[in-house]
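Before any comments, here is the structure.
Please read these numbers as outputs of a predicted model, since none were measured by experiment. Side-chain atoms are counted along with the backbone in the values below, which use heavy atoms only and exclude waters and symmetry mates.
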Amino acid sequence: MTAEDHKNEGKIDRGRYAEERRVQEKMAAVEAEDSKTYFSRELLIWYDRSKRDLPWRRHRDPYFIWVSEIMLQQTRVDTVIPYFNRFIERFPTIRDLAEAPQEDVVKMWEGLGYYSRARNLQAAAQQIVELHGGQMPSEREHVFALKGVGPYTAGAILSIAFNRPEPAVDGNVLRVLSRYFLIEDDIAKPKTRIMMEKMIPELIPEGRASDFNQALMELGALICTPKSPHCLICPVMEHCRGRIEGRERDLPVKTKAKKPRPEQRLAVLLEGSGERAGRVLVRRRPNTGLLAGMWELPHVAAGGEDLGLDAAQLGELLEDRGLSWSPMSPYMTAEHTFSHIHWTMRVLIAREEPEALAQLAAESGVPYEAAVPEAAELDGAEGIANDGADEEWRWISREDMSAIAFPNLFLNILNKYFSGEGEQE
DNA sequence: AACTCGGGGTA
DNA sequence: TACCCAGAGTT
């Protein structure tokens, strides 16, 4: 063997080593890429075959997509469907929504929860009319700037309506990707969502952003469900690391929420007398905070110890309105759980005493009729009439309930009352 | 990062 | 019960 041969042999060895390493790297890349392309391919095949027929999937109208996405925030598909259909029927275009009285928009949202969504939706509709001629913009910057549109909804509108390869990472996507790629990061942390968002674009097959993002969520909703995922019928089970390693029930990792704090409240169902017979007194909540702008029975915080003490405070509330009343008696108790508060609402019932009211009004020099607003004001509601009011009171009849929005708690109480179920405790 | 903001379905 | 749902806005 010559010196030259030794030299060549060394070269060959180094070359062979480098070659083997390139092959290994390539195979690892192919394997990794395979797992991803497999996922995207099988997911789309499954979706094309088994996607649900949903109202907002019948057209690719950005307005429909947008409304559905806002309604679907923290809300199940089955719950949203009837609301969506009624909403689109009442407000067929963005301009119709922008020009509607706010009361009407909130009324259409009644029972759906998270009522600021309704307010923001209309505000955004007005943004779109003013800035974009009533057409949903298709640039990320403009979509994201709309009120009530965050990272998920922006991505959903851009991908589903405009087929842009943008991530739309919701709870479903976090769960599906956590399991498929065996990601143990806490999905409650924003950092995890951002990481998933970075993974999405390379998973989206060319030209299929709309279907892909919807397929991902559809899989989470139908197959890769939170408690017991249906791995045996999952279209991507073969390469799902979570399932392969038997960890699908441990994923995703998520810090658990605190339980709602208990609050005792005391409400009054005050029945009108004389000209206001058949009506009850309600008030409108402030435009910010819990149940913003919704109507309710008057109520106060209750200590829970002494009912008489709490009732006295409730009485003061009425006195401030220039009202007097017959003795209050227990009517019913209702429970209601929000995300962070649990209400126990005791409801008292009483009847207005017009004589005393007239006397009070005479003493204070306030005309009887002016002491309390009449329900007739309902007719003259011109949209912005109530927008700035921090608090408003009305006497309403059963019929008036179709015009103003109540949270479910009071809806149930009032429906029971007006349907004549005199449920005394 | 933690809290606020509804209501209901599901195991 | 406990958990979660096609999350966003505020602090």
Side-chain angles (χ1 to χ4, degrees), chain A residues 51-52 54-57 64-84 106 109-121 123-124 143-161 167-176 186-194 196-197 210 212-222 224-230 249 252 254-261 285-294 296 335-343 405-412:
Chain A
K51 65 183 172 191
R52 290 172 289 182
L54 303 175
W56 47 91
R57 282 186 182 158
F64 292 0
I65 305 296
W66 171 41
V67 170
S68 74
E69 290 302 340
I70 299 296
M71 287 186 171
L72 286 163
Q73 288 169 7
Q74 299 293 289
T75 312
R76 293 170 187 287
V77 167
D78 291 341
T79 304
V80 164
I81 290 174
Y83 280 91
F84 176 84
V106 177
W109 214 269
E110 183 180 70
L112 199 51
Y114 288 131
Y115 298 99
S116 64
R117 291 185 296 175
R119 265 171 237 298
N120 288 337
L121 189 66
V143 174
F144 198 78
L146 298 173
K147 276 202 161 190
V149 175
Y152 163 74
T153 306
I157 292 171
L158 290 164
S159 64
I160 298 175
V169 177
D170 71 336
N172 288 308
V173 176
L174 288 169
R175 184 173 58 254
V176 169
D186 185 350
I187 64 167
K189 302 207 175 292
K191 198 191 298 183
T192 308
R193 177 181 55 78
I194 291 170
M196 303 270 191
E197 284 173 347
S210 177
F212 179 80
N213 278 345
Q214 293 183 79
L216 211 42
M217 294 186 275
E218 194 89 337
L219 188 73
L222 300 181
C224 198
T225 50
K227 294 271 171 89
S228 49
H230 306 97
R249 284 169 181 276
K254 186 181 183 183
T255 56
K256 47 184 176 183
K258 295 192 307 185
K259 55 165 80 161
R261 66 175 182 272
R285 295 178 64 89
N287 274 325
T288 57
L290 186 67
L291 300 171
M294 303 294 281
E296 65 179 6
E335 306 275 339
H336 194 73
T337 307
F338 303 96
S339 310
H340 55 304
I341 305 172
H342 179 84
W343 270 356
F406 292 88
N408 275 5
L409 169 63
F410 295 104
L411 210 51
N412 292 337

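- I81(A) has its side chain within reach of W56(A): a pair of non-hydrogen atoms, C-beta onward, lies under 4.5 Å apart.
- Along DNA chain C, the nucleotide closest to K147(A) and the one closest to L54(A) are compared, and the more 5′ of them pairs with L54(A).
- A sub-4.0 Å separation between OP1 or OP2 of dG7(B) and a side-chain N or O of Y115(A) is present.
- In this structure, the side chains of L174(A) and K254(A) stay at 4.5 Å or more apart for every pair of heavy atoms.
- Residue N408(A) places at least one side-chain N or O closer than 4.0 Å to OP1 or OP2 of dG8(B).
- The nearest whole Å value for the distance from the CG atom in L72(A) to the C1' atom in dG8(B) is 14 Å.
- The CG atom of L290(A) sits 15 Å away from the C1' atom of dG9(C) (whole-angstrom rounding).
- Using a distance-only test at 3.5 Å, with no hydrogens or angles considered, a donor-acceptor pair links the side chain of T75(A) to the main chain of Q73(A).
- In this structure, W343(A) atom CH2 and dG6(B) atom P are separated by 9 Å, rounded to whole Å.
- Residues T79(A) and F338(A) both approach DNA chain B. Their nearest nucleotides, taken by heavy-atom distance, put F338(A) toward the 5′ side.
- The base of dG7(C) does not come close enough to the side chain of T153(A) for any donor and acceptor atom to sit less than 3.5 Å apart.
- Distance NZ (K256(A)) to C1' (dT1(C)): 12 Å, rounded to an integer number of Å.
- When distances are taken from the side chain of H340(A) to each of dG6(B), dT4(B), dA2(B), the shortest belongs to dT4(B).
- Among the nucleotides dG7(B), dG6(B), dA6(C), the one closest to any side-chain atom of Y114(A) is dG6(B).
- Distance R119(A) CZ to dG6(B) P: 10 Å, rounded to the nearest Å.
- Among the nucleotides dC3(C), dA8(C), dA6(C), the one closest to the side chain of R57(A) is dA6(C).
- Regarding contacts with the backbone of dC3(B), a side-chain N or O of K258(A) is found under 4.0 angstrom from either OP1 or OP2.
- Across all strands, L291(A) comes closer than 4.0 Å only to sugar-phosphate atoms, never to a base (heavy-atom distances).
- If you take CG of N172(A) and C1' of dC3(C), they are 14 Å apart, rounded to a whole angstrom.
- The phosphate of dG7(C) has OP1 or OP2 within less than 4.0 Å of a side-chain N or O from Q74(A).
- Side-chain atoms of T75(A) and base atoms of dG6(B) include a donor and an acceptor less than 3.5 Å apart.
- When the P atom is used for both dT4(B) and dA6(C), the distance is 24 Å, rounded to whole Å.
- Applying the 4.0 Å criterion to OP1 and OP2 of dC5(C), one finds that R175(A) has a side-chain N or O inside that range.
- Each of S339(A) and H230(A) was matched to the nucleotide of DNA chain B holding its nearest heavy atom; the match closer to the 5' end belongs to S339(A).
- E218(A) places its CD atom 10 Å from the C1' atom of dA6(C), with the value rounded to the nearest Å.
- At least one donor-acceptor pair closer than 3.5 Å links the side chain of E218(A) to the backbone N or O of R52(A).
- Nucleic acid contact class of G289(A) (heavy atoms, under 4.0 Å, all strands): sugar-phosphate only.
- Checking V77(A) against N120(A), the closest nucleotide of DNA chain C that is more toward the 5' end is the one next to V77(A).
- Taking atom NE2 of residue H342(A) and atom P of nucleotide dG7(B), one finds them 13 Å apart after rounding to whole Å.
- For the P atom pair drawn from dT11(C) and dG6(B), the interatomic distance equals 15 Å after rounding to whole Å.
- Looking at Y83(A), its side chain never comes within 3.5 Å of a backbone N or O of S68(A) through a donor-acceptor pair.
- Distances shown here put every side-chain N or O of H336(A) at or beyond 4.0 Å from the OP1 or OP2 atom of dG6(B).
- Within the 3.5 Å criterion, the main-chain N or O of L290(A) finds a donor-acceptor partner in the side chain of R285(A).
- Going from atom CZ of R175(A) over to atom CG of L219(A) covers 9.0 Å, rounded to the nearest 0.5 Å.
- Of the candidate nucleotides dA8(C), dA6(C), dG8(B), dA8(C) has the atom nearest to the side chain of Q73(A).
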